[in-house]
A.B. asks: 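Following this message is one structure expressed as C-alpha cells.
Residue numbering restarts at 1 for every chain, and letters A, B, ... go by the order of the sequence lines. None of the values given here were measured: they were computed from a predicted structure.
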Amino acid sequence: MSQINLTFPDGTVKQFDSGISVQEIANSISISLGKKAVAGKFNDQAVDLRQALVADGAIEIITKDSEEGLNVLWQTAAFILNEVLADKYPEMNFGEAHADEHGFYLDTEKPGQAQLAVTDFDDVSAAMQQVILANEPIEFASLSQADALKLAGNDPYQKELVEELTVDGQVAVYQHGDFTSLAYAPVLAATGKVKIFKLLSVAGAYWKGASSNPMLQRIYGTAFYKQKELDAELARRQEAHERDHRVIGNQLDIFFVDPKVGAGLPYWMPNGATIRRTLERYIIDKELAAGYEHVYTPVLANVDLYKQSGHWDHYREDMFPPMDMGDGEFLELRPMNCPSHIQVYNHHKRSYRELPLRIAELGMMHRYEKSGALTGLSRVREMTLNDGHTFVSPDQIEDEFKKILDLMIDVYNDFDIHDYRFRLSYRDPANKEKYFDDDEMWNKSQKMLKSAMDDMGLDYFEAEGEAAFYGPKLDVQTKTALGGEETLSTIQLDFLLPERFDLKYIGTDGEDHRPVMIHRGVISTMERFTAYLTEMYKGAFPTWLSPKQVDIIPVKNDLHLAHAKDLQSRLMAHQIRVEIDDRNEKMGYKIRQAQVNKIPYSLVIGDQEVADNTVTVRKYGEKETETMAFDDFVTLLNHDIETYSRKN
RNA sequence: GCCAUUUUAGCUCAGUAGGUAGAGCGCCACCAUGGUAAGGUGGAGGUCACCGGUUCAAAUCCGGUAAAUGGCUCCA
C-alpha cells in the first residue's frame, strides 16, 4: 500500500497509508482529539472527517469548540433546514447553504409563489426539531455528475452548483434518508449533533451575488451546542441594537430624518450639532497644525466641470440629475470636492516652492445613493466630508503619503479608535471599463502605495475592485455596531485629474511640470463619523465631545438654585456646556435622568457645597461621588477636555 | 434599485373576529419633596404614513405610493 506524507500545523510530518480518513488521523493522535474532531482541513480546504486522503499535503483537525468547528455545526443546521424545506415544499429551488460570522443561511426560491416568510418559521423549526431528535446518521458519499444532475431535477441553481462542484466527474454529497444535499462544506455525522438552533430572519439575495441575476429568498439562522451560547448570541444582537447610532441618535436627540424633507437628508438637532461643531473645530485645528489651508467652495457647479473631471462619465449614477437653468446652463450638485479644489489650485500659477500645497475644506456634497442603501447618518445623500487635497511633485508623494498617515493615526489616538484595518484598494482588472483607462498609471500608483505601506511597517490587506475611478486608495476599514464594515478614512493617489485639468507648476528648471494629487479624508464625513463615534462610545461621549458636559442638581431649589446658577455662569465662562435641573422632582429622579442621558458629570449642590464652595461630583457610569473644591473641579474638567479624555 | 417585512400619541408599543382608539415613558398643571437611578393626582396630545378601492361601516380587508427595518447589489 502506498504511503502519503501529511504535515501537521506544528510542522511535523508523519507518514500514513494512502486512503486514511481524517477521523482515523485524529484518532491516531489521541482519543480525545478523535472525539472532539468535527472536520478536517486539507491544504487549507475544509474536508469531511470521512474524507479519504490519497495525496501529500497539510492536515489540520477542526475541533468542536473552535470557531471553524462552529461553522461545521452551522453547516449541519443549514443541511437540516434544507432537508425540511425540500420535504415541505417539493417545488422549492435551493441555492448554496453557508455559514457566516454568526450563523448560517440558505437561499431558497418558490417559483411563481409567495416566498418563505418569517411566519413559516414555527412550522419549519418544529420539523427541524424532529429531524434532530431522530438523530440519524448523515452519510458522506460521492455521486457521478450524471446522477447528481438527475437529483437536481428542474432546479436551475442546483444544476449549476453540481457543475461547479464536480471534481473528476464526481460530486461529493451528504445524504440523510431520502434527502441528498451537495456537500458545500463539512457537516456533522448525525442530525442529533445539532442541539440548539434558531431561525432568525429572511432577506433577498441575488443568485451568485450579481444584481443581474434572479433574487432568491435567504433564510438566516444560528445554532449552538448549548442554550447558554445561543442566549449569549441573542444578547449580543440585543447589545448591537442598543449601540446602533439610529437608536441612540433618537434617545439622545442627536439627529432625525424627516420623510417630508427627503430620505437620506438628516437634520442635526442641537445635541448632534454640538458634537459636529466640536469635531469640525478639532479637525480644522489639527489640519492647520499640519500645514493645510482651508477654503470654502460652492456646492453647485456647472456640469461642464464634472464632464472635464470624468465624474460625468464614471460617477453619474451616484449624482443628482443636473438642474436645467433654462438658458442653456446646467448646474450640478457636487458629488465630490476634488474638482472644486483643483479650481483653487488653478486660480494661480504655481511654483515648486508652494508644494506640497494642501487645500482642505469641510466640503458639503450630494450623492444620489440608492434608496435601499440609506442608513441613519452612516449612509446619506447629503454629507460634509473632512476633505483635503494635497498637490505634490512626484518625488514628494511618498513623504506626503506618510505625513497624512501620521495625521490619521494621531487623530485616531485622540478618539481612542483602535479597532480598524488598512485596506489597499486596487482597481478590478476584470472590469477595467469602470476606471480611467491608463494601465501604466494604475500599475505605478498601486505599486507606490504598497511600498509606502511596507516601508512604514504597517499591516494591510489588498482588495481588487475597491479603487476610486481615478486611482487606487488606502482605506481604513472599521466595523459598525451591527457588524458591517465601513470605510472611515481614505488616502487616494491621483495622476488622472491633474492630467485632465492640465495642472502645472514651475519647477527649479523654469519649466512646467505636472503635479500629483492626493485626496484624503481623515475623519470621514461628519455624518458617518458621528454615527461611528456614537456606536463606539455607545452614546457616552467623552467630556470634550459630549453635548452636555455638566448637569447641576440643587438639593432644594428654594435654598440652592441661586448658587447653582452662579456655578453655571462660572462654568459657562470656561466654555463648559452646563445645565441646571431645577424641575420639581426628587434628587434620585434627577440623578437617574443625568445617567440615562449619559452626561459626563453630575453636580449635587446642597448646604454643605454652598458653605464650602465645593461641588459633589458623580461621574457618568460610576456610583461613588467625590466632593471637591469648585476650582479643582474646573481643573479636572479642563484636563479632561484638553486630553480628549483619552485612556492613554 | 431588488426581495421580504413594517408604518397607531414626542418615544417604545398594545389593539383580539371590520362596528370611527389604548398603555408606559415624556410633556403640562397642582400637591408632596433636604443628599445620589423613577413620589402622588389630574390634564393635554392621534386625518391610525399617504392616495384609492371593497363594505351600511375600514387602524383592521384589497391595490398603489412613500418612508423605515433586515439583507442583496453599490459606497464616505
A.B. asks: Answer with yes or no after comparing the ring centroid distance for A:Phe415 and A:Tyr282 against a 6.0 Å cut-off, counting only values under it.
C.D. replies: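 Yes; A:Tyr282 has its ring centre under 6.0 Å from that of A:Phe415.
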A.B. asks: Report yes or no: do A:Thr616 and A:Glu609 form a side-chain donor-acceptor pair below 3.5 Å?
C.D. replies: yes
A.B. asks: Base, sugar-phosphate, or nothing: which does A:Ser371 touch, judged by heavy atoms less than 4.0 Å apart?
C.D. replies: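 Contact class for A:Ser371: base.
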A.B. asks: What is the ring orientation for A:Trp442 with A:Tyr435, classed by angle as parallel under 30°, tilted 30 to 60°, or perpendicular over 60°?
C.D. replies: perpendicular
A.B. asks: Under 4.0 angstrom, heavy atoms only, what part of the nucleic acid is A:Ala117 near: base, sugar-phosphate, or nothing?
C.D. replies: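 It contacts nothing in the nucleic acid.
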A.B. asks: What contact category does A:Leu374 fall into here, base, sugar-phosphate, or nothing, at under 4.0 angstrom with non-hydrogen atoms?
C.D. replies: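 Sugar-phosphate contact only - A:Leu374 comes under 4.0 Å of backbone atoms but never of a base.
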A.B. asks: Can you give the dot-bracket line for RNA chain B, where a pair is Watson-Crick or G-U wobble with both atom distances under 3.5 Å, crossing pairs use [ ], and | marks a partner on another strand?
C.D. replies: (((((((..((((.....[..)))).(((((.......))))).....(((((..]....))))))))))))....
A.B. asks: With sugar-phosphate meaning primed atoms plus P, OP1 and OP2, does A:Tyr105 contact a base, only sugar-phosphate, or nothing at under 4.0 Å between heavy atoms?
C.D. replies: nothing
A.B. asks: Do the side chains of A:Arg423 and A:Glu485 get close enough for a salt bridge, i.e. N-O under 4.0 angstrom?
C.D. replies: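 Salt bridge flag = no for A:Glu485 with A:Arg423.
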A.B. asks: At 4.0 Å (heavy atoms only), tell me whether A:Ala203 reaches a base, stays on the sugar-phosphate, or touches nothing.
C.D. replies: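 Base: the residue A:Ala203, judged by heavy atoms under 4.0 Å, touches a nucleobase.
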A.B. asks: Once you apply a heavy-atom cut-off of 4.0 Å, does A:Asn584 come out as touching a base, just sugar-phosphate, or nothing?
C.D. replies: base
A.B. asks: What are the 5'-most and 3'-most nucleotides of RNA chain B lying under 4.0 Å from any heavy atom of chain A?
C.D. replies: B:G1 to B:A76
A.B. asks: Could you check whether A:Lys619 gets within reach of a base, just the sugar-phosphate, or nothing at all, counting any heavy atom under 4.0 Å?
C.D. replies: nothing
